[in-house]
Amino acid sequence: MPSPSSPLACLATSGVQVAIGPFLVRVRSDLNGVHEYLHHLYGDFQVAAGEGGHFDIAVVSSRGVRRWVRPQANLVVNGERPFLPLPGKLAGAGFEWSLNWCVGNQAPRWVAVHAAVVERGGRALILSAESGAGKSTLCAALALNGWRLFSDEFALIDPDTGRLTPLPRPVSLKNASIEIIRGRGADVVFGPQGVDIEGARFVHMKPPVQSVRRGLEDARPAWVILPRWVTGRPTTLEPLPKAHALLRMTDQSFNYNHLGTKGFACVADLVRQCDCYTLEYSDLDDVLIRLESLASS
Amino acid sequence: MRESLTDDLRWRSAVDLVWTHYEDSEDWVVFHPQSGDVYLVTAAAHTLWSLIADGTAPTLKQLIPALAAALNRAPDDQLAAVTRDTLGFMDRAGLVRPISL
């Protein structure tokens, strides 16, 4: 358990507040797995004792025999239980999934699009892809090669400014991506490996400290790229008609239609100011060079 | 397709649609605020919708020659079939509505 002087000392009692991008997240948990997870992967974030916040996430153990036999993690998010209990060993990941649920469903100030975002020179590159297309792998590789990690999960568009708000958090990597990224950063910290409910191996990669420290610096959207990892395929970066990019972005948005016309116009305006591409690749080093060239142009 | 999609059925456009067009292609994207749905449509489909919206050609019978003129092509059977199919699509998507139903 944490020492009394640790920022996480109150995790199991009144909870702690974690500043994650624009959000103050209250976290409570009596599970060691969550404490270890926060200690290792959120060590660079501002953590303080306190109650309240934009979101309230509790990851708590079951009572009775379930506390000891096949222990479970129960996720209580803003007073609701949107998920079934998870195996206790997935408690840390459960925190991330709960936070995804919060941002996707309860952050109406922004238009939230499922995408990875990295930034360079004040310009943001949005990676929008279906699950398994290599989005997070590419995002992690870019974050380890000079790009600032904005988010692995969300492009948060401010409808009032059209700019992107960062939400730096651990990057979720699955299956072969785990070894690929492990091989690229000897100093990179990873959380515990688990197997999700779909049978995929996963780990979370600690976000680079500079991304965390610059977690309130927004950026101008500059590129929308639809990446797809294809075995043996040479790198191809092809222009994508903006109308097609807009259709993809709205399809991947969690809440644009809740904001009505304002939400749609926000995404349409973002696409208007971006150069849009499809990207197919199999050689990560090659695609990093291509995107470096894109950013330099 | 609606069984009553006859040549003389009058159509009106849905209100409050948000149409978006970019210079790098002829396609249009339309947002339907009531359903929250977004559709990617061709330039011809947008022209067809505009002919209904501005009242130039509110029936299928009028739309075929009007669309042919707008596209600078002959009002042949192929264009008639495309017009009918596109009108049916826009009806199902809620982009147009028959006035008499």
Side-chain angles (χ1 to χ4, degrees), chain A residues 104-108 110-115 126 128 130 155 157 159 162 220-226 237-279 294 297, chain B residues 1 11-55 63 66-67 70-73 79 82-97:
Chain A
N105 293 284
Q106 300 188 346
W110 290 270
V111 176
V113 178
H114 180 224
I126 299 166
S128 173
E130 306 287 347
I157 314 165
R220 177 175 69 82
W223 305 280
V224 173
I225 294 181
L226 278 51
L237 188 66
E238 301 285 347
L240 173 71
K242 293 187 179 192
H244 294 240
L246 174 57
L247 193 68
R248 165 62 75 93
M249 292 285 283
T250 54
D251 184 56
Q252 294 291 308
S253 172
F254 295 90
N255 64 348
Y256 82 92
N257 52 351
H258 294 159
L259 297 170
T261 299
K262 183 179 181 183
F264 176 79
C266 171
V267 182
D269 287 345
L270 177 142
V271 170
R272 191 176 301 282
Q273 57 184 309
C274 287
D275 295 328
C276 304
Y277 301 92
T278 58
L279 169 68
L294 188 69
S297 63
Chain B
M1 184 178 296
W11 296 86
R12 62 177 168 79
S13 60
V15 297
D16 297 334
L17 299 179
V18 182
W19 291 88
T20 300
H21 179 255
Y22 301 105
E23 295 301 319
D24 64 347
S25 78
E26 295 187 344
D27 294 333
W28 286 77
V29 180
V30 56
F31 172 61
H32 191 299
Q34 281 75 41
S35 67
D37 291 331
V38 175
Y39 301 95
L40 178 69
V41 302
T42 62
H46 176 258
T47 300
L48 192 68
W49 182 89
S50 299
L51 291 168
I52 295 170
D54 67 14
L63 277 168
L67 184 63
L71 301 180
N72 196 25
R73 57 171 291 181
L79 184 70
V82 169
T83 304
R84 182 179 291 273
D85 288 347
T86 303
L87 195 60
F89 159 74
M90 291 200 294
D91 180 21
R92 291 190 298 276
L95 307 181
V96 296
R97 282 280 180 260

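In what follows, every chain begins at residue 1, and chains take the letters A, B, ... in the order their sequences are listed.
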Which answer fits A:Thr250, side chain, backbone, both or neither, if we ask what part of it has an atom under 4.5 Å from a heavy atom of chain B?
side chain
Turns out that what part of A:Leu240 lies under 4.5 Å from chain B's heavy atoms comes down to backbone
When every non-hydrogen atom of B:Val29 is compared with those of A:Ala243, the smallest separation belongs to CG2-O, 3.5 Å
Using the rule given for side-chain contact (heavy atoms from CB on, under 4.5 Å), can you reason through A:Leu247 versus B:Val38, listing the C-alpha separation, both sets of side-chain angles and the distance that settles it, and then say yes or no?
CA-CA 7 Å; A:Leu247 193 68; B:Val38 175; 3.7 Å; yes
[atom1] of [X] to [atom2] of [Y]: how many Å apart, nearest 0.5 Å?
X        : Y        : atom1 : atom2 : value
B:Tyr22  : A:Leu246 : OH    : CG    : 4.0 Å
A:Asp275 : B:Asp24  : CG    : CG    : 9.5 Å
A:Asp269 : B:Thr20  : CG    : OG1   : 8.0 Å
A:Lys242 : B:His21  : NZ    : NE2   : 12.0 Å

Return yes when atom CD of B:Glu26 has more than 12 non-hydrogen atoms of other residues, nucleotides or ligands closer than 6.0 Å, and no otherwise.
no
